[in-house]
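Structure provided below as C-alpha cells; questions to follow.
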Protein chains: 2
Amino acid sequence: MTTRWLTPEEQRAWRAYVAGYLLLEDAIDRQLQQEAGMPHLYYSILANLSDIPERRLRMTDLAERLKITRSRLTYAVSRLEKDGLVRREDCRWDKRGSVAVLTDEGMTVLENVAPGHVETVRAGLFDRLTPEQVGQLEEIFTQIARGFQEKDGGETAPEDLPWRRRSSPCSGTP
Amino acid sequence: MTTRWLTPEEQRAWRAYVAGYLLLEDAIDRQLQQEAGMPHLYYSILANLSDIPERRLRMTDLAERLKITRSRLTYAVSRLEKDGLVRREDCRWDKRGSVAVLTDEGMTVLENVAPGHVETVRAGLFDRLTPEQVGQLEEIFTQIARGFQEKDGGETAPEDLPWRRRSSPCSGTP
DNA sequence: AGGGCTTGGTTCAAGTTTGAAACAAACTTA
DNA sequence: TAAGTTTGTTTCAAACTTGAACCAAGCCCT
C-alpha cells in the first residue's frame, strides 16, 4: 500500500506541534527542577495523589492515570520515597499490590511548589491562548487520548465496570 | 502576589494535553524503536537534514531547529555517526564549527522508515482530527513556540537578518 | 599584539527512561 | 488441589538526557 503522506497543512501543524511541546516541556522541567529539584513527571505524581480523597493510589492505577509504564513509576516513586514525599504501603486485599501515599511533607512541598508551576504553565501556554483555543486544545487532545485508550485499554474495558473493579484505593474498608 | 490558578476549563485542557502528548510520543517512540531502532529525536535529526538542499547543517543550527540543547545533539549525532547514518565534517570558515551531514545510507534508512512513521502519526493524530482542528493545532502551537522564541532568541534576533547571518551551511562557496 | 569576552562544540557525572526478565501472589480449571 | 496462567510490581542493564565544566577559536578593544 502506498503511503499517505502528510498534506502541507498537516506538515505545518506537525512541525509546530513538535516544536511547541518540546519548548513547553523544557520550560516546565527547568522551572520545576530549579524550584523543586524534580522533573515534571515527579510533580505530576504528587499532584495526582493530592487530588484523591485518601491521597493514596495503587501503583498500577497511578501509572495508568499518568500514562506511563509501571517500571518508570517504580523508579520515580522510589526517588520520591527517598525524599520523604511519598510513602509505600502494602495493599491489604491483594498481597501483590503496593500503594503510593502522599505524605504530609509531600503535600507541603506540593503546596509550596504549585504556584510557580502554574505560573509557568500559564506563561508558556494559557496566556497565549484565547478561551476558544483552550477549548480546542482540550477537544483535540481528548480525542487523541481517547484514540489510544480504545485500542490499548479495550473499549469500555470490563474492569472499568463498577462491579468488576480490579483494584481499589486499598484504604478504608473493602 | 496571589496565584492565578487554572480555571476548570484550563485544567481540563491541561490534563487532556498532557495525557495526549504522552500517549502520542510513546506510540511514536515505540514504533520508531521497533522498526528503525531509534527514538523519535534521532529520526527527526535525519528528517531535518534531508529537508535541506545540501543535507548538511551546523550543529548549533540543527540544535536550534530541533529545539534541543547542543549537548543532547552531540550525543545523538555521535550515535547516528556510529551507525553510519550521519557524518561529521569540519566547517571550513569557522574552525570551531562542525557540520552534520546526512550520508547516503542515512538517506536510505530514512526513506525506508518514513512511511511507517507517517502512518503512526496519522493513526495517532491526524486521522482523529477534522481539517479545522488541524488548523487550530497549528495555530495554537505556533503561538506557543513563538512565545518562547521571543524571550530566548531575542525578538527578531539580529543574527536572523540575512546580512548578519552568523552561520551558514558550511558547504559550497562562502 | 595581548588581554578579555563570546561562541561552537564536546565531555563528564549524575539522574532518568526503556524494555525485557524475574518474582510472587492470585486466579482458573481440570 | 496441583498445574498453568494472569496480574502487580520490582529489578537490571543499556540507552538517553541534563547541566555544568571545559577547550578552542573567533571577536573586540586598546
Side-chain angles (χ1 to χ4, degrees), chain A residues 22 25-34 36-45 57-64 66-83 88-100 154 157-159 164-168 170, chain B residues 22 25-34 36-45 57-64 66-83 88-100 154 157-159 164-168 170:
Chain A
L22 279 174
E25 258 308 285
D26 232 55
I28 290 173
D29 264 330
R30 221 185 339 272
Q31 186 269 327
L32 281 173
Q33 197 63 57
Q34 294 203 333
M38 63 177 78
H40 189 188
L41 173 66
Y42 294 59
Y43 174 91
S44 300
I45 292 175
L57 216 43
R58 286 192 58 167
M59 294 296 278
T60 297
D61 294 339
L62 190 46
E64 184 148 340
L66 294 164
K67 315 299 179 203
I68 62 173
T69 61
R70 299 201 275 332
S71 147
R72 190 177 176 186
L73 181 61
T74 294
Y75 180 89
V77 165
S78 304
R79 202 265 233 189
L80 290 172
E81 198 172 23
K82 216 168 295 169
D83 297 348
R88 256 188 260 243
E89 286 181 13
D90 292 337
C91 177
R92 286 180 241 173
W93 313 301
D94 185 342
K95 275 172 205 152
R96 294 169 299 181
S98 90
V99 203
E159 53 267 82
R164 280 215 199 177
R165 282 220 154 292
R166 79 177 163 334
S167 59
S168 63
C170 271
Chain B
L22 279 174
E25 258 308 285
D26 232 55
I28 290 174
D29 264 331
R30 220 184 344 272
Q31 187 269 327
L32 280 172
Q33 197 63 57
Q34 294 202 335
M38 63 177 78
H40 188 188
L41 172 66
Y42 293 60
Y43 174 91
S44 300
I45 292 175
L57 216 44
R58 286 190 60 165
M59 295 295 278
T60 296
D61 294 339
L62 190 47
E64 184 149 339
L66 294 164
K67 314 300 178 201
I68 62 173
T69 61
R70 283 174 321 350
S71 146
R72 191 178 176 184
L73 180 61
T74 294
Y75 180 90
V77 165
S78 304
R79 202 266 230 187
L80 291 172
E81 197 172 24
K82 215 169 296 170
D83 295 349
R88 257 190 260 243
E89 286 182 12
D90 292 337
C91 177
R92 285 179 242 173
W93 313 301
D94 186 341
K95 274 171 203 152
R96 293 168 302 179
S98 92
V99 202
E159 53 268 76
R164 281 218 200 171
R165 283 220 153 291
R166 77 174 164 336
S167 58
S168 63
C170 271

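Computed over heavy atoms, backbone and side chain alike; hydrogens, waters and symmetry mates excluded. Within every chain, numbering begins at 1; the chains are lettered A, B, ... in the order of the sequence lines, protein sequences first and strands thereafter.
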By ring pair (Phe, Tyr, Trp, His ring centres under 6.0 Å), which residues pair with B:Tyr43, not counting sequence neighbours? B:His117
Quick one: B:Glu89 CD to C:dG9 P, roughly how many Å, whole number? 13 Å
Please give, in whole Å, the distance from C:dT17 C1' to B:His40 NE2? 17 Å
Below 3.5 Å is the cut-off: list the nitrogen or oxygen pairs between protein and nucleotides 23-29 of chain C, distance only.
| unit_1 | atom_1 | unit_2 | atom_2 | d |
| --- | --- | --- | --- | --- |
| C:dA26 | OP1 | A:Lys95 | N | 3.0 |

If I take atom CG in residue B:Leu32 and atom P in nucleotide C:dT17, what distance separates them, rounded to the nearest angstrom? 20 Å
Please determine, for the side chain of B:Pro39, which listed nucleotide (D:dC16, D:dT18, C:dT16) has the closest atom? D:dC16
Without decimals, in angstroms, what is the distance between A:Glu25 CD and D:dT18 C1'? 14 Å
Rounded to whole Å, please give me the gap between CG in A:Leu41 and C1' in C:dG15. 13 Å
Expressed as a whole number of angstroms, how long is the span from A:Leu66:CG to C:dT16:P? 16 Å
Let me confirm one number: the CD-NZ distance from A:Glu64 to A:Lys67, rounded to the nearest 0.5 Å. 6.0 Å
In terms of the nearest nucleotide of DNA chain C, which residue is placed more toward the 5' end: A:Tyr42 or B:Arg88? B:Arg88
All N/O pairs under 3.5 Å across the protein-nucleotides 1-5 of chain C interface:
none

Tell me, which of residues 70-81 of chain A have any heavy atom that sits under 4.0 Å from an atom in DNA chain D? A:Arg70, A:Ser71, A:Thr74
Quick check: closest heavy atoms across A:Arg58 and A:Gly97, and the distance to 0.1 Å? NH2-CA, 3.3 Å
Distance check needed: C:dT7 P versus B:Arg58 CZ, whole Å only. 13 Å
Measuring to OP1 and OP2 of C:dT7, would you say a side-chain N or O of B:Thr60 lies under 4.0 angstrom away? no
Measure the distance from CE on B:Met59 to P on D:dC23 and round it to the nearest whole Å. 20 Å
Heavy-atom nearest nucleotide on DNA chain D taken for A:Gln34 and for A:Gly97; more 5' hit belongs to A:Gly97
Where A:Pro39 and A:Gln33 come nearest, the two heavy atoms and their spacing: N-OE1, 3.6 Å
A:Leu62 and A:Ile45: which non-hydrogen atoms are nearest, and at how many Å? CD2-CG2, 4.2 Å
5' priority, DNA chain C, between B:Gln33 and A:Gly37 [closest heavy atom]: A:Gly37
Could you pull out every donor-acceptor pair under 3.5 Å between side chains of residues 69-80 of chain A and any protein atom, sequence neighbours left out?
| unit_1 | atom_1 | unit_2 | atom_2 | d |
| --- | --- | --- | --- | --- |
| A:Thr69 | OG1 | A:Arg72 | N | 3.1 |
| A:Thr74 | OG1 | A:Arg70 | O | 3.1 |
| A:Ser78 | OG | A:Thr74 | O | 2.7 |
| A:Ser78 | OG | A:Arg88 | NH2 | 2.7 |
| A:Arg79 | NH1 | A:Gly37 | O | 3.4 |
| A:Arg79 | NH1 | A:Asp83 | OD2 | 2.8 |
| A:Arg79 | NH2 | A:Gly37 | O | 2.8 |

Residues passing the side-chain contact (heavy atoms from CB on, under 4.5 Å) test with B:Glu25, sequence neighbours excluded, are A:Tyr21, B:Ile28, B:Asp29, B:His40
